[in-house]
Amino acid sequence: MRHYNPSEIEPKWQQIWADDQRYHTNESSAKPKYYVTGMFPYPSGAGMHTGHFMEHSIVDAVARFRRALGYNVMYPIGWDSFGLPAENYAIKTGRKPRETTADNIANFKKQLRSVGASIDWSREINTSDPEYYKWTQWIFTKLFEKDLAYQKESLQWWCPKDKTVLANEQVIDGKCWRCDSVVVKKSMKQWFFRITAYAEQLLAELPEMDWPDKIKIAQTNWIGKSEGAEITFQVDGSDDTITVFSTRPDTIFGATFLVLAPEHPLARTLLTDETRELVENYINDAVKKSEIERSNDTKEKTGVFSGSYAINPATGQKIPIWIADYVLGGYGTGAVMGVPAHDDRDFAFAEKFELPVVEVIERPEDDIDTDACYHGEGVLVNSGAFDGTRSEDAREQIVAWLEQEGKGKSQITYKMRDWLISRQRYWGAPIPIIYCPEHGAVPVPESDLPVLLPDVDDFQPRGDGKSVLAAQEDWVQTTCPVCGSPARRETDTMDGYACSSWYLLRYTDPHNTQQAWAPDKANYWAPLDMYVGGDHATAHLLYVRFWTHVFSELGLTDFAEPVKKLVYHGLIQAEDGRKMSKSLGNVVDPLEVINAGYGADALRTFELFLGPINENSSWNSRGIAGVYRFLNRLWTLVQEFDDSDKTGTSDAQKLDAIINSTTKKVTDDIHRLSFNTAIAALMECVNDLYKLKVAGYSEDWRPHLKTLVQLVQPFAPHMAAELWQQLGETSQLDFAAWPAWDNAKIVSGSLLIIVQVNGKLRAKLEVAADASEEQIKDLALADANVQKFVLAEPKKIIYVKGKLVNIVA
Ligand code: ANZ
């Protein structure tokens, strides 16, 4: 008898699959297509961890299942290889990112091959490869032509020590998240992509999409649509006006002050001689705080009176103009009308600075909420001609009236900002722009792409807000594509998210040197049938959607939404329930698990057995041993069958019932991506077969064992391939049709139901396996012996599924 030895069979099958290019695909198949992949990895020096493997266990199970269902399956892979970590590593070690990235990719590939993922390696792509980023740059030029890529001077957080721009969430208490230095605001010219132009479309399509609700909610919140009005206030005694954005124009009669964000252009000009010093100090301090800190509602409000007043267009009253950091410069118009009776933040502000509170919406009598501030709808009071009107109606009427007066209009605002893509770093795709003194910013023509990232030796940031590319004078100096006169290159590189916003389409035509992709290939494969990941709920997934909308407008795709079904998996935590992390020393290295003798099949099966894939789960070293034991038992079953003389007398009908019901359950479960229950059903099936085999194997077993091997294949493909062969098949298991089941054979099985009356055994019933609860209860009550003990209407009947009926008489 052969022993189960994954370290022997797994490399063998991986070699066979690689040699015969088993998973290479093309568009000329008559089968329906199925395109599935996971979010491509960043090839870090640490290698892939169990989380990455989780993603590939899911994708590979789906790919193998779909292949067996008769689909032309594409499962590609690539490397998200540009980015800051590789560059920082270069600074630290003196090795070039190009070299370290190549090493890391080689390691990742080795790891992925060792799990037997059915990847089409002919489609491998790498975002830092000039063949790839040529087209990232080309897409940039297309966006530029459509005015979707533009430059804007904007204030950015700048860390003077790390010499880099920081995102809002990287500034904590005015300090850099990494080195704790006090950050400063620096005005810099940056490139942006105009994603806000697509806000409405990106929002409108979400409800119809087969994506997890939590991702849809996260995207909806990120886009953050608010419907309201812009209302213009005249500054008293001046020609200046201040426009505010409000979602509650119906409360305008209660606006007792205005508040400007410290960044507002008028903040420094409305001051008077008395207020100058206070105002300037306040503004200088406020702009150092992060938005997150400023929007914290639990923090005490701060602010200064500007010294000027505005006129409330509804009441005609003079109201003070304040400057306060709870109003954000980048949202709405950067100015609000303070309505303390109906807005919490305004209320807290008015309380602190003793500003008047005027109630303009009557709190309904049945509202028992004792909050000082009433946020709800109601009838207007203290609102002139609008008194007695419901707030919902007043909203429209007041906007119409303001519009007539030229003092306002309805307005929709989004929280989402345009996507800032300039990075003052080396390891990224150079932004393909040339500055000509005569023609300004000119995109590099397609024939001159790619703009190659020059090879440099010193990666240390220069400290002046520019990337090290700015020091490569030979590279920077060029000529204007329009007039040929001397010109200079843009020295910023693109955010890595740009590279990952179109890779899913490049997979469909990865070696095209003439185009980013041929539209007919993209239209054949994409949109993706399934995209699997456990990260990037908002940014990446919104950027991919945004770009694909643009591609469809450019005629490059005939679809606007790139991903039909999104699968978002939970994380595998360490055995101690904490996040796996190198610093905690609790990382489980997948290769160690494989090399410890469990093998890749056990690892993959175990990862999917840990629990529902959308929930977090914890690694469990005993669990993997259990899964290994299950595979070993299955292996042994086939060995015993093979070795036996096949003259046994095991119950053929029962065998049929076990295999048919398992086939049905496993198929349904994989369709629902309920892998853990599918694997549990396979385990149960193997247990049942062990009970049955006591009567000896017969030739009847062969087709059933083959079916079982097919059902196991999505999880444990190496073992399945080996056993398939051993059971006498010479065909490739990957393409063997997924087994069908016969319901008639399942129901021919029966269940033994124990019937108790008041806890005592009174009957044993043999019922059809698919009998309903009602049928079983009726049969129990109809049993002659049971009837002896149940003389009146029973008080209660308890049914334990598939096992027991207890009648309380
Ligand atoms: C007056 C008012 C009265 C408001 C009231 C609300 C309730 P969302 O839903 O988040 O869009 N606002 C406007 N611009 C702001 C900015 N730059 N920074 C901070 N707050 C700002 O919220 C819109 C509301 O947030 C606006 O409506 C405005 O306050 C405030 F009973 O105007 B409201």
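In each ligand, atom 1 is the first atom listed, and ligand 1 is the first ligand listed.
- In terms of polar-atom proximity, defined here as any N/O pair under 3.5 Å, Lys415 does make such a contact with ligand 1.
- Using 4.0 Å as the threshold, Arg345 has a heavy atom nearer than that to some atom of ligand 1.
- Within 6.0 Å of CD on Glu300 lie no more than 12 heavy atoms contributed by other residues, nucleotides or ligands.
- Nearest to atom 14 (N) of ligand 1 by heavy atom, out of Val360, Ile361, Asp344, Val336, is Val336.
- Counting heavy atoms closer than 4.0 Å to ligand 1, residue Thr247 contributes atoms from both its backbone and its side chain.
- Contact between Thr413 and ligand 1 is absent, with no heavy atom of the residue lying under 4.0 Å from the ligand.
- A cation-pi arrangement is not found for Lys225 relative to Tyr414, the charged atom failing to lie both closer than 6.0 Å to the ring centre and inside a 45° cone about the ring normal.
- Donor-acceptor pairing under 3.5 Å is lacking for the side chains of Glu359 and His342.
- Atom CG of Asp297 sits about 11.5 Å away from atom NZ of Lys299, to the nearest 0.5 Å.
- Heavy atoms of Val327 found under 4.0 angstrom from ligand 1 belong to the backbone as well as the side chain.
- Between Arg248 and ligand 1, no pair of N/O atoms sits closer than 3.5 Å.
- Looking only at protein heavy atoms, the nearest one to atom 19 (C) of ligand 1 is Tyr326 O, 3.5 Å.
- With distances taken over non-hydrogen atoms, the option nearest atom 17 (N) of ligand 1 out of Leu328, Thr251, Asp250 is Leu328.
- Interatomic distance, Leu206 CG to Arg545 CZ, rounded to the nearest 0.5 Å: 4.5 Å.
- Ring-plane geometry between Phe551 and Trp547 is classed as perpendicular, the angle between the planes exceeding 60 degrees on a 0 to 90 degree scale with a lower cut at 30.
- Of all the heavy atoms of Ser226, the ones lying under 4.0 Å from any atom of ligand 1 belong exclusively to the side chain.
- Per-residue contacts place His342 under 4.0 angstrom from the following atoms of ligand 1 (heavy atoms of the residue considered): 5 (C), 7 (C), 31 (F).
- Nearest protein neighbour of atom 32 (O) of ligand 1, counting heavy atoms only, is Ser246 OG, 2.7 Å.
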Q: Given salt bridge (Lys or Arg N to Asp or Glu O under 4.0 Å), test Arg423 with Asp492 step by step and report yes or no.
A: CA-CA 5 Å; Arg423 295 289 177 272; Asp492 282 354; over 6 Å; no

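- The shortest contact between atom 28 (C) of ligand 1 and any protein heavy atom is with Phe245 O, 3.6 Å.
- Atoms OH and CZ, on Tyr309 and Phe233 in that order, are 16.0 Å from each other to the nearest 0.5 Å.
- By the 6.0 Å and 45° rule, Arg194 stacks over the aromatic ring of Tyr150.
- Checked against a 3.5 angstrom limit, the closest N/O atoms of Asp343 and ligand 1 fall outside it.
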